[in-house]
Amino acid sequence: MVDVLLGLQWGDEGKGKIVDFLAPQYDIIARFQGGPNAGHTLYLDDKKVVLRTIPSGAFHPELLNVIGNGVVIDPVSFKAECAEIEALGVNLQRSLIISEKAHVILPTHKALDKASEQAKGQNKIGSTLKGIGPTYMDKTGRNGLRVGDLLQKDFKDRYQNLKEKHLTLLKQMNFDEDISALESEFFDAVEALKKYKITAVDYWLNEQLAAGKKILAEGAQGTMLDIDFGTYPFVTSSNTITAGLCTGLGIAPAFVGKVYGISKAYCTRVGSGPFPTELFDATGDLLRESGHEFGSVTGRPRRCGWIDLVALKYACMLNGVTDLIITKADVLDGMPQTGICTAYKVNGELTERIPFDINHASIEPQYEYIEQWDKELSSCSQDEDLPLSFKHFIGLVEKQTGVKISYVSNGVGRNHLIIRK
Ligand code: GDP
Ligand code: IMO
Ligand code: MG
């Protein structure tokens with residue numbers, strides 16, 4: 001069976017921490033989409049590590065970690081990430097397996113990402129500028145280079161061809177940056193990447209399934225950033241939902257078991273785009289400070305607001321979530337009251353659906369507020385310890401989404417997790 005764990009909001013829900021916690025129950029952890037736009041944070045005791053392309057099972061020596069065909073890999077960022085993890089004593093040459101079908105991010109893809117954002121001006125997506133959009137565009141445009149191509153004799157010619165195409169585009173966009181300076185670093189990194197196991201991950205994973213191995217698929221970004229169902233065009237360029245694991249790993253839907261969906265107890269977003277429950281006042285600032293809401297990849301301050309059950313219900317529906325996980329509940333300890341958005345008023349009408357025109361519609365979120373609990377969530381270690389008013393919060397989320405909350409995370413460490421009965 002393959003279980004999947006993914007974000008239900010706009011990313012940064014705490015996926016890295018939870019994968020690291022669940023990892024011992026599995027034999028293989030597999031990333032199926034995204035690339036170095038992701039930043040998944042784990043704590044190894046007090047040591048903070050932020051993973052970008054490498055799955056969050058990396059620190060469990062008995063496991064294998066897979067980068068699937070749906071992921072886009074930047075050799076330069078990958079090399080730096082491997083060096084950081086290997087310095088902590090992890091043998092990635094043993095434990096990491098990379099799909100030959102994963103697409104490669106070139107230096108010119110990153111330049112195109114920047115050029116595209118510059119051209120959009122005020123309407124920019126707020127991309128992480130890691131070259132994600134242009135690489136997926138070359139994939140669907142049938143121009144891309146894949147990891148398996150790095151091993152072919154004519155790789156440099158194919159690289160040159162694609163680079164020339166990109167340079168023509170960059171010229172048309174009046175983007176002038178010296179790419180040649182980045183090339184030697186890129187080719188060095190390609191050599192480094194070739195030292196890891198590169199294989200037909202699709203066949204390999206299916207053989208592992210046939211042998212009874214347990215796989216956890218790790219999502220990146222979040223459902224509201226999905227290319228089809230997110231707040232388009234302010235989204236990323238891949239399918240971040242459960243369906244993405246089938247196309248991103250080569251595993252058939254019938255093998256999918258549990259779907260772990262993660263949501264913060266409030267809501268954040270980094271980059272541009274609609275965010276109906278965003279708080280622009282001191283309460284939003286307090287959430288940002290208490291939750292240390294600054295991007296793990298870019299350091300940008302994250303936009304903060306209350307939990308949005310309209311969006312969460314939609315995300316649970318799209319993903320077929322079987323187990324909800326609420327993270328950063330402890331951050332609400334510092335709030336005088338907690339808001340929960342249970343519906344939207346769009347053009348005067350109440351609705352529990354996301355409007356198509358979410359970018360332009362005037363949405364008035366409808367809130368229920370819960371007064372501050374009498375006991376800090378950060379001090380709770382089991383379900384029975386949770387204060388009644390937080391149980392009311394849980395009840396509202398479960399009722400509206402129709403899914404049980406299996407875990408409540410109340411701190412950054414592996415063991416700050418309340419298992420609900
Ligand atoms: P990911 O991209 O979904 O893996 O999430 P990020 O790592 O980008 O952001 C989540 C942040 O919240 C990280 O800094 C985590 O260390 C932190 N975090 C995760 N769970 C909790 C929690 O329950 N409480 C608190 N206070 N912080 C948490
Ligand atoms: P993890 O896996 C939060 C956002 C960017 C931007 C939009 C498009 O850590 O949750 P892209 O670089 O993909 O073209 O950017 O998506 N974004 C994320 N936001 N967490 C992430 O990943 C993100 N990956 C991309 O900020 O708004
Ligand atoms: Mg993140």
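FYI, side chains are in, hydrogens and waters are out, and symmetry mates aren't considered; it's all heavy atoms of this structure. Nothing fancy with the numbering, it's 1 onward along the sequence. Counting starts at 1 for both ligands and their atoms, following the listed order.
- By the criterion of a heavy-atom distance under 4.0 Å, the side chain of D330, and not its backbone, is placed next to ligand 1.
- Under 4.0 Å from ligand 2, not a single heavy atom of F234 appears.
- Considering all non-hydrogen atoms of both residues, Y232 and I227 come closest at CD1-O, 3.5 Å.
- With respect to K79 and E185, no salt bridge is recorded, no charged nitrogen being found less than 4.0 Å from a carboxylate O.
- Near A220, with a cut-off below 4.0 Å to any heavy atom, the atoms of ligand 2 are 2 (O).
- Heavy-atom proximity to K15, at under 4.0 Å, picks out these atoms of ligand 2: 1 (P), 2 (O), 10 (O).
- Under a 4.0 Å heavy-atom criterion, E13 is in contact with ligand 1.
- No side-chain donor-acceptor contact under 3.5 Å links E13 and S263.
- For atom 23 (C) of ligand 2, the nearest protein heavy atom (residue, atom name, distance) is Q221 CG, 3.6 Å.
- Among the atoms of V331, none of the N or O lies under 3.5 angstrom from an N or O of ligand 1.
- Of all atoms in ligand 2, numbered sequentially from 1 with element shown, those under 4.0 Å from a heavy atom of G126 are 5 (C), 6 (C), 26 (O), 27 (O).
- Taking every non-hydrogen atom of G271 and a distance limit under 4.0 Å, the qualifying atoms of ligand 2 come out as 27 (O).
- Ligand 2 places these atoms under 4.0 Å from at least one heavy atom of W10: 3 (C), 19 (N).
- When heavy-atom distances to ligand 2 are checked against a 4.0 Å cut-off, K130 has no atom that comes that close, whether in backbone or side chain.
- Formation of a donor-acceptor pair under 3.5 Å by the D308 side chain with backbone atoms of V310 is found in this model.
- Contact annotation: for V235 versus ligand 2, heavy atoms closer than 4.0 Å belong to the backbone alone.
- Residue contacts with ligand 2: G222 is excluded, as none of its non-hydrogen atoms falls under 4.0 Å.
- Among G16, S409, A38, G291, the residue whose heavy atom lies nearest to atom 23 (O) of ligand 1 is S409.
- Note: Y196 and F78 have perpendicular aromatic rings, judged against thresholds of 30 and 60 degrees for the angle between ring planes.
- Between L332 and A265, the shortest heavy-atom distance links the atoms CD1-CB, 3.6 Å.
- Checked by atom type, the side-chain pair K124/S272 shows no donor-acceptor distance below 3.5 Å.
- Residue G411 holds the heavy atom nearest to atom 21 (C) of ligand 1 of all those in G39, G411, G413.
- Here is the list of ligand 2 atoms found below 4.0 Å of a heavy atom in A38: 1 (P), 2 (O), 9 (O), 22 (O).
- For atom 13 (O) of ligand 2, the nearest non-hydrogen atom of the protein is T236 OG1, 2.6 Å.
- Our summary of the site lists the angle at the Mg ion (ligand 3) between O of G39 and OD1 of D12 as 160°, to the nearest 10 degrees.
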Practice item. Go through the steps for D383 and K421 under the test salt bridge (Lys or Arg N to Asp or Glu O under 4.0 Å), then give the verdict. Key: CA-CA 7 Å; D383 202 15; K421 299 199 180 102; 5.9 Å; no
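- For atom 10 (C) of ligand 1, the nearest non-hydrogen atom of the protein is D12 O, 3.7 Å.
- Under 3.5 Å, the side chains of E183 and Y159 contain a donor-acceptor pair of N or O atoms.
- Atom 15 (O) of ligand 2 has as its closest protein heavy atom S127 CA, 3.5 Å.
- At a heavy-atom distance under 4.0 Å, only side-chain atoms of R302, from C-beta outward, approach ligand 1.
- Counting heavy atoms under 4.0 Å from ligand 2, residue R269 does not touch it at all.
- For the Mg ion (ligand 3), the N/O/S atoms of G16 include none lying under 2.8 Å.
- The closest side-chain donor-acceptor pair between R288 and T268, if any, does not fall under 3.5 angstrom.
- Residue contacts with ligand 2 for N37 involve both N, CA, C or O and side-chain atoms from C-beta outward (heavy atoms, distance under 4.0 Å).
- Within the set K17, K328, K15, the minimum heavy-atom distance to atom 17 (C) of ligand 1 is found for K328.
- Every N/O-N/O distance between D113 and ligand 2 stays at or above 3.5 Å.
- Closest to atom 7 (O) of ligand 1 among all protein heavy atoms lies T41 OG1, 2.5 Å.
- Other residues, nucleotides and ligands contribute over 12 non-hydrogen atoms within 6.0 Å of the OH atom of Y369.
- In this model, no donor atom of one side chain and acceptor atom of the other lie less than 3.5 Å apart for D202 and N69.
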Exercise for review: Check the pair E293 / K328 against salt bridge (Lys or Arg N to Asp or Glu O under 4.0 Å), numbers first and verdict last.
Suggested key: CA-CA 11 Å; E293 295 295 356; K328 303 194 92 161; 3.0 Å; yes
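- Among all heavy-atom pairs drawn from A315 and V321, the shortest one is O-CG2, 4.4 Å.
- Distance from atom 19 (N) of ligand 2 to its nearest protein heavy atom, with residue and atom name: V270 CG1, 3.4 Å.
- In terms of N/O distances under 3.5 Å, ligand 2 is not approached by S237.
- Salt bridge absent: K214 and D27 never bring a charged side-chain N and a carboxylate O closer than 4.0 Å.
- Atom CZ of R353 sits in a sparse spot, with 12 or fewer heavy atoms from other residues, nucleotides or ligands closer than 6.0 Å.
- Distances shorter than 4.0 angstrom occur between a heavy atom of G39 and an atom of ligand 2.
- Judged by distance alone, the side chains of D323 and S406 do bring a donor and an acceptor atom under 3.5 Å apart.
- For atom 20 (N) of ligand 2, the nearest non-hydrogen atom of the protein is D12 OD1, 3.1 Å.
- Those atoms of ligand 1 that come under 4.0 Å of a heavy atom in H40, given as number and element, are 1 (P), 2 (O), 4 (O), 7 (O).
- Heavy atoms only, all atoms of each residue included: V256 and V259 are closest at CG1-CG2, 4.3 Å.
- Nearest protein heavy-atom neighbour of atom 12 (O) of ligand 2: T128 OG1, 2.5 Å.
- Annotation for ligand 2: atoms under 4.0 Å from non-hydrogen atoms of L225 are 4 (C), 16 (O), 17 (N), 18 (C), 19 (N).
- When non-hydrogen atoms are compared, ligand 1 lies under 4.0 Å from the backbone of N410 (N, CA, C, O) but not from its side chain.
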Review point. Can you list the steps and then say if E177 with L170 is a side chain to side chain contact (heavy atoms under 4.5 Å, CB included)?
Key: CA-CA 9 Å; E177 206 178 83; L170 287 165; over 6 Å; no
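- Using a 4.5 Å cut-off on side-chain heavy atoms (C-beta onward), F186 and K110 make no contact.
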